Amino acid sequence: MKSCGVVVEYNPFHNGHLYHLEESKKHAEADCMIAIMSGNFLQRGEPAIIDKWYRTKAALLGGADLVLELPFLYAVQHSDYFSQGAIQTLAEVGVDSICFGSENGRITAFTEAFEHMNKHQEEYDVTVRRYLNEGYSYPEASRLGYESIAFPSGSIDLTQPNNILGYSYVKQLLTYAPDIEPLTVLRKNNHYHDEEIHGKIASATSIRKELLEEKGMTEKAEQSLPPSTVEVLHQYKNNHGIWHDWEAYFHLLQYKIMTMEESTLRCFHGVDEGLEYRLKRTIKEATTFHQFISSLKTKRYTWTRLQRTLAHILVGTDKQEARVFLRETPPPYARILGMSETGKKYLRAVKKETSIPLITQPQQLDHEMLDLEARAAAAYYSVLTPERRVDQLKREYGPPVIHS
């Protein structure tokens, strides 16, 4: 069976994702589409609007055949670690190609950029370090670093979010798994950060904004979602009484930061360069999450970087623990969240050839990274009613979603 991998969050699964899946399958001439998906917390440090099980269901209904979970520690990271966890896991399960959406749409632009960077890596690194020392954020220092090495005319724009991730995927593929074919699909009709819905293909950001601000499904949101996703979103809210966003967690985060000493806060992943003092000082005056993070944000600390750090504080990710785990190559296991009949057949064919364990339930493997996953689940479901929280924490130890 020919397989194609995609790296996704599906927050929520929308018409653009449907287009990407269908085009990826065509480009790759694949029999089996394998998605590696962030769990309950996402790359930009946000809680997913609905949990990983419902998002897995939406993915399977949308055409994915196998959904794997990108572990929390890789999922809530900058692009290099995020892509490392995702690409190396897909390589371990034997995909023939990996297809990503990009603002560029030409795969040769990404491979040429990788070759150019290899020739100028030292100059790039020196420039980035200089700007970081001057107080610039990492994304801005990286942009200035790219400018300093003068990418060729017609190369990719590495200020665009999907191009940045795509470049990281290609870098991982050419370094770690050069036999896997990289492919890209041009994004249609919207920008990653668009906050307003314009038509049937809209950004996930704009869809979430519409759903959360209007506190329900609207005609504008519905037109940008497959009917199956609309149904899944309704099911989650009917069953759990909530669509998740950071505001729901603010009281828990506030309690945690206000009752901790600076020395304890300093031990969490992402709390560096004296950020613990700024956290303690700022939290006392904030009444909402948005107000808190707006006060925290500086030229050095971007909104996204701060959200990731706050997610790690909420979950309790120890800084030393994270360093040890992130040195593991490849990730220590692959957890299966869901599969179709095609996905089942694929797993039977490749199971004996993988060098990492493929698990369907966490109790099948004794590894400390799974303890971190349990904490992430506990944090995510902490805003549900006690009865629903108990049920969902039990679900964490249950079987994958099966779509026939």
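Keep in mind it's a predicted model, so treat the numbers as computed, not measured.
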Greater than 12 external heavy atoms within 6.0 Å of Gln363's CD | yes
Derivation and outcome, side chain to side chain contact (heavy atoms under 4.5 Å, CB included), residues Leu279 and Leu310 | CA-CA 10 Å; Leu279 288 165; Leu310 295 172; 3.9 Å; yes
Short N-O contact, Glu22 and Lys25, less than 4.0 angstrom = no
Pair Glu210, Thr218: side-chain N/O donor-acceptor within cut-off below 3.5 Å | yes
NZ/NE/NH1/NH2 to OD/OE distance under 4.0 Å, Lys280 and Glu276 = no
Do Arg375 and Glu321 sit within salt-bridge range, that is, some charged N less than 4.0 Å from a carboxylate O?
-> yes
Run through Tyr54, Tyr381, Tyr380 and flag the one making a ring pair (Phe, Tyr, Trp, His ring centres under 6.0 Å) with His240.
-> Tyr54
Test of ring centre spacing under 6.0 Å for His312 and Phe268 | no
With sequence neighbours left out, the residues meeting salt bridge (Lys or Arg N to Asp or Glu O under 4.0 Å) with Lys351 are none
Test Glu341 against Lys344 for salt bridge (charged side-chain N to carboxylate O under 4.0 Å, His left out), laying out the working first.
-> CA-CA 5 Å; Glu341 289 301 319; Lys344 284 184 189 177; 3.4 Å; yes
Would a distance-only check, ignoring hydrogens and angles, find a side-chain to backbone donor-acceptor pair under 3.5 Å from Asp65 to Ile34?
-> no
Quick one: sort the Tyr146 and Tyr167 rings into parallel, tilted or perpendicular, breaks at 30° and 60°.
-> perpendicular
Considering all heavy atoms, the nearest Ala248-Val383 contact | O-CG1, 3.3 Å
Could you walk me through whether Lys2 and Glu181 pass the salt bridge (charged side-chain N to carboxylate O under 4.0 Å, His left out) check?
-> CA-CA 12 Å; Lys2 196 170 182 184; Glu181 182 184 14; 5.5 Å; no
Ion pair present between Lys209 and Glu46, side-chain N to carboxylate O less than 4.0 angstrom?
-> no
Residues, nucleotides or ligands: over 12 heavy atoms within 6.0 Å of Lys299 NZ | yes
Among Leu61, Leu68, Val401, Ile336, whose side chain to side chain contact (heavy atoms under 4.5 Å, CB included) with Thr56 holds?
-> Val401
Decide if atom CD of Glu368 counts as having more than 12 heavy atoms of other residues, nucleotides or ligands within a radius under 6.0 Å.
-> no
Exercise: do Arg106 and Thr108 side chains pair donor with acceptor under 3.5 Å | yes
With a distance cut-off below 6.0 Å to the six-membered ring centre and an angular limit of 45° from the axis, does Lys297 pair with Trp303 as a cation-pi contact?
-> no
In short, Pro357 meets Leu365 closest at the heavy-atom pair CG-CD1, 4.1 Å
Take Glu396 and Lys52 through the salt bridge (charged side-chain N to carboxylate O under 4.0 Å, His left out) test and state the conclusion after the steps.
-> CA-CA 10 Å; Glu396 184 66 15; Lys52 62 190 180 186; 2.9 Å; yes
Any donor-acceptor N or O pair under 3.5 Å, side chains Thr354, Glu92 | no
Between Phe13 and His20, is the ring centre distance below 6.0 Å?
-> no
Chi angles and distances behind the side chain to side chain contact (heavy atoms under 4.5 Å, CB included) call for Thr229, Tyr10 | CA-CA 10 Å; Thr229 299; Tyr10 293 159; over 6 Å; no
Only residue of Arg278, Arg266, Arg305 satisfying salt bridge (charged side-chain N to carboxylate O under 4.0 Å, His left out) with Glu273 is Arg305
Begin from the C-alpha positions of Asp272 and Lys319 and carry the test side chain to side chain contact (heavy atoms under 4.5 Å, CB included) through to its verdict.
-> CA-CA 10 Å; Asp272 301 311; Lys319 189 178 291 183; 3.1 Å; yes
Is it true that the side chains of Asn239 and Gln235 contain a donor and an acceptor less than 3.5 Å apart?
-> no
List the steps, then state whether side chain to side chain contact (heavy atoms under 4.5 Å, CB included) holds for Phe41 with Val315.
-> CA-CA 10 Å; Phe41 290 90; Val315 170; 4.2 Å; yes
Please check if atom NZ in Lys345 has more than 12 non-hydrogen atoms from other residues, nucleotides or ligands closer than 6.0 Å.
-> no
Is Glu247 reaching over with its side chain to a backbone N or O of Phe289, donor-acceptor style, under 3.5 angstrom?
-> yes
Report yes if some heavy atom in the side chain of Leu174 is under 4.5 Å from a heavy atom in the side chain of Glu115; otherwise report no.
-> no
Could you tell me which non-hydrogen atom of Arg208 sits nearest to which non-hydrogen atom of Asn11, and how far apart they are?
-> NH1-O, 2.8 Å
Which residues satisfy the ring-ring contact (aromatic ring centres under 6.0 Å, His included) test with Tyr346, sequence neighbours excluded?
-> none
Under 3.5 Å, is there a donor-acceptor pair between the side chain of Gln361 and the main chain of Tyr397?
-> yes
Could you pull out the closest heavy-atom pair between Pro182 and Val170, with the gap in Å?
-> CB-CG2, 4.4 Å
Pairwise distance CG(Leu211) to CG(Leu225) - rounded to 0.5 angstrom = 6.5 Å
Hey, could you give me the CD1/CD distance between Ile180 and Gln172, rounded to the nearest 0.5 Å?
-> 11.0 Å
Would you confirm whether Lys237, through its side chain, and Lys215, through its main-chain N or O, come within 3.5 Å as a donor-acceptor pair?
-> yes
Indicate yes or no for a side-chain donor-acceptor contact from Lys256 to the backbone of Leu314 under 3.5 Å, with no hydrogens or angles considered.
-> yes
Regarding Thr302 and Ser137, is there a side-chain donor-to-acceptor distance under 3.5 Å anywhere?
-> no
Ion pair Lys394/Asp391, N-O distance below 4.0 Å = no
Which heavy atom in Ile107 sits nearest to a heavy atom in Thr184, and how many Å separate them?
-> N-CG2, 3.6 Å
Ionic contact status for Arg55 with Glu69, cut-off 4.0 Å = no
Can you tell me if His244 and Tyr236 form a side-chain donor-acceptor pair at under 3.5 Å?
-> yes
Check the surroundings of atom CG in Asn133: do more than 12 heavy atoms from other residues, nucleotides or ligands lie under 6.0 Å from it?
-> yes
Shortest non-hydrogen contact from Ile201 toward Asn15 = CG1-CB, 4.2 Å
